[in-house]
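Worksheet for the structure shown next.
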Amino acid sequence: MNRVNPKLRNFARHLIIHEAKILEPAGSHPPAAFPVVEKLRPHLAILMGRIGFRSLLARALALAGAEVPWLRNLHLKPDGMLPRVDELAAPVVPADRFEGQVVLVAQLLGLLVAFIGENLTFRLVAEALPKLPAGKKSFKL
Amino acid sequence: MKKKNALTKPRPAKVAAHRPARVTIRKLPTGVRGLDDILGGGIPEFSFNVIAAAPGCGKTTLAHQIVFANATVQKPALYFTVLGEPAIKMLRYQQQFNFFDESKLGHAIRFINLSDLVLEKDLDAVLAEIINQVTAVNPSIVVVDSFRTVMRKTLVSGRELETQTFIQGLTQFLTSWEATTFLVGEYGEDEMRGNPLFTIADGLFWLSQVPQRNSVVRKLQIMKLRGQESVPGLHTIRISADGLQAFSRTLGLGGKKPASARRRRRLSLGIPELDKMMGGGLIEGDSLLVAGPSGTGKSALGTQFIAEGLRRGEAAVMAIFEERPSGYIDRAECFGLDLRTPQTLGHLEILYLRPLDLSVDETMQEILSAITRVGAKRLVIDSLVGFEMALAPGFREDFRESLYRMIVALTGAGVTILSTVEVEDTFTALSFSHYAISFLTDDIIRLRYVEIDGQMRKVLVVIKMRGANHSKDIREYVITDKGVVVIGPRQTDYTGLTTGIPQRIGRVKEAAPEPKAKT
């Protein structure tokens, strides 16, 4: 079942663009391949535990992989982390990488909406991305 | 001169002893209807409590209700989840309850999952994390759910000392930090003995589910609560969309003082001749039982009692179990009595109670709530047999005890109660009730059929009026378009009326009050 409707996908796209704008210039570490996921991770891990978050992310990745082929080659590390950009097995063109991010984030949000509902999901997103403009923190699914 | 001895010697005036003021323990509301009364006002602030039960009894829901009722941004709550229900599922299910206020999440209520720590590290690390979070957030309420799973590792490995050290450290820290704490856990009653947790706890809330035939009764017991007087015993609880609701064994009436022994008013039943038989009417605050077989006019008598009260400005409640309210109102109209208008104006509530699955305490709480809503001075329960039958079988054994508590408390508070009970007429004796509830009542009126001159007529007698004289006459009555009408004293003498098959012993033969059919 694909619960990710166009609105949720747009919301995910919007979050990714927003996060890309405010990302600090890369330091010694290569950038995360999925910055929005990394922003959500600590907030969700507090709520669900690291193992719980890993399970949720694995499910989102499996769902997203059905739509975006290159995501099927991604594997979560034992600690639940996603590979960084430099750790991707094969180079992915920026447009595909962006699309992969959108679909994965949208699937993750879709799972959260299914479990805890829109309001709590948006509340969590707002907590994780506090710089998100007020009018962009939610939408009606 | 009189010699002063030890007895006559004046004593020095008593110096008022200076006692330092006792500490005032603030009580936190539980957010659970009925529970604050059971607890003696609420949960003592800064207390260390255990909510224990088998799975499915409502432990987590109770903890959530307390948290949502108290947490604010200024006084937040920390909710630690461990290996039991993950917070995400907890939120999924708990948001179905009406008390769930999502605006409190994040700032006023924070969920923190400790499962990684419990799985990967020891209790010292768990305690350290709790201390870190509590120090950072400064919560007024802390919940650990499920505490049992925190302890499981050490219990399995038999490291009792580690367990004790952890509990001791946690208690001392949270109490010093001025937090009211709830440890939620799955425990059986057999685990209570020798468990340091239950020794240290200030409050112990025990929830249970008791299957009784096809029903399951949820119960709550406050096994321990330091510093205040809680209501002992098992209290019924129910879980609905509003969360838990508790029904005190005392129905919240424990504190009600009986009315003083001043001379009480007489209340008219709306039947002048019957009032006369009762020495001027029913004594205010009495409980009257009207017993008789089907069709003798028990409900009619109850209706007249209520209508007369309404006519005199006394609000009323009718709790009916065997007939729908519309039937009641229609019959009253046939007697020229208007129940519809007072019902619309809020002076009368007719409760049609067919609870089937409700406990007796819940049903009685419905009645009490209605009495409070309308400020009722008169109550009719029609009938006690119907009341008992409407309860799930498992609750019936509590019926008489609860009914007794309710009647004593209500009459003590000045409400006058008329209850009906159906009894079968036998032709050898005049039973008042097979039901052994006569002890509940101050007054008893017995209605019965008698066979006279080829007619099945009706007679009534006032059997008992506690503390007052009454007529001992057996009087004939009819039910007309005016309701129950007691016929003036008859000249015909009969014997054996109580058997139902009397014999005329007098010479006078009077006409029947309702003429016989002629061929």
Side-chain angles (χ1 to χ4, degrees), chain A residues 1 3 8 15 37-63 76-81 105 107-132 134 137-141, chain B residues 60 64 67-68 71 73 76-121 125-126 129-130 132-134 136-137 139 142-146 149-150 153:
Chain A
M1 183 189 103
R3 64 176 62 82
L8 194 53
L15 295 181
V37 174
E38 296 315 321
K39 278 285 174 81
L40 288 170
R41 181 188 300 277
H43 294 270
L44 285 166
I46 284 180
L47 204 59
M48 312 165 65
R50 273 186 295 109
I51 298 168
F53 180 69
R54 188 186 190 285
S55 307
L56 195 73
L57 187 55
R59 170 74 175 148
L61 191 58
L63 291 168
L76 293 180
K77 297 178 188 176
D79 62 359
M81 298 301 285
V105 170
Q107 288 291 358
L108 187 60
L109 295 176
L111 285 170
L112 285 172
V113 168
F115 280 121
I116 58 173
E118 285 172 43
N119 291 344
L120 291 186
T121 301
F122 295 138
R123 188 174 280 273
L124 275 168
V125 170
E127 250 178 49
L129 304 167
K131 290 179 183 166
L132 207 57
K137 286 182 179 173
S138 68
F139 63 90
K140 198 74 200 152
L141 283 178
Chain B
T60 297
H64 274 243
V67 162
F68 276 96
V73 175
L78 272 183
Y79 202 112
F80 293 102
T81 60
V82 198
L83 297 176
E85 191 181 0
I88 199 158
K89 281 182 76 180
M90 220 175 245
L91 292 174
R92 175 177 170 77
Y93 296 122
Q94 293 294 322
Q95 66 181 276
Q96 309 304 321
F97 289 113
N98 295 331
F99 64 78
F100 188 92
D101 177 1
E102 64 176 44
S103 69
K104 290 197 170 187
L105 295 181
H107 301 296
I109 302 170
R110 299 180 194 198
F111 286 87
I112 295 169
N113 191 293
L114 296 177
S115 57
D116 299 332
L117 272 176
V118 173
L119 286 172
E120 293 164 12
K121 297 188 178 170
V126 174
E129 179 60 16
I130 292 175
N132 277 344
Q133 294 288 351
V134 169
V137 175
V142 173
V143 179
V144 183
D145 184 1
S146 142
T149 57
V150 177
K153 215 159 132 183

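Note that this is a predicted model, so its numbers are computed, not measured.
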| message | Within a 6.0 Å radius of atom NZ on B/K104, are there more than 12 heavy atoms belonging to other residues, nucleotides or ligands? | response | yes

| note | Turns out that what part of B/Q95 lies under 4.5 Å from chain A's heavy atoms comes down to side chain

| field | Euclidean distance, B/L114 CG relative to A/I46 CD1, rounded to 0.5 Å | value | 10.5 Å

| query | In terms of heavy-atom contacts, does CZ of B/F97 have more than 12 from other residues, nucleotides or ligands at under 6.0 Å? | reply | yes

| request: List the steps and the verdict of side-chain contact (heavy atoms from CB on, under 4.5 Å) for B/I112 and A/L47. | output: CA-CA 5 Å; B/I112 295 169; A/L47 204 59; over 6 Å; no

| remark: In short, B/S115 meets A/G49 closest at the heavy-atom pair OG-CA, 4.0 Å

| note | Taken to the nearest 0.5 Å, the spacing of B/N113 CG from A/M48 CE works out to 8.5 Å

| message | Need one label for B/F80: side chain, backbone, both or neither, based on atoms under 4.5 Å from any heavy atom in chain A. | response | neither

| query | Going through the checks in order, is the side-chain contact (heavy atoms from CB on, under 4.5 Å) test met by B/L119 and A/I51? | reply | CA-CA 10 Å; B/L119 286 172; A/I51 298 168; 3.7 Å; yes

| message | Can you tell me how far apart CZ (A/R123) and NE2 (B/H107) are? Round to the nearest 0.5 Å. | response | 6.5 Å

| Rounded distance [0.5 Å steps], CZ in B/R92 versus CG in A/L120 | 12.0 Å

| said: Less than 4.0 angstrom from a charged side-chain N to a carboxylate O is my criterion; do A/R50 and B/E120 meet it? | reply: yes

| field | Nearest-0.5 Å distance, CG of residue A/L124 to CG of residue B/L105 | value | 8.5 Å

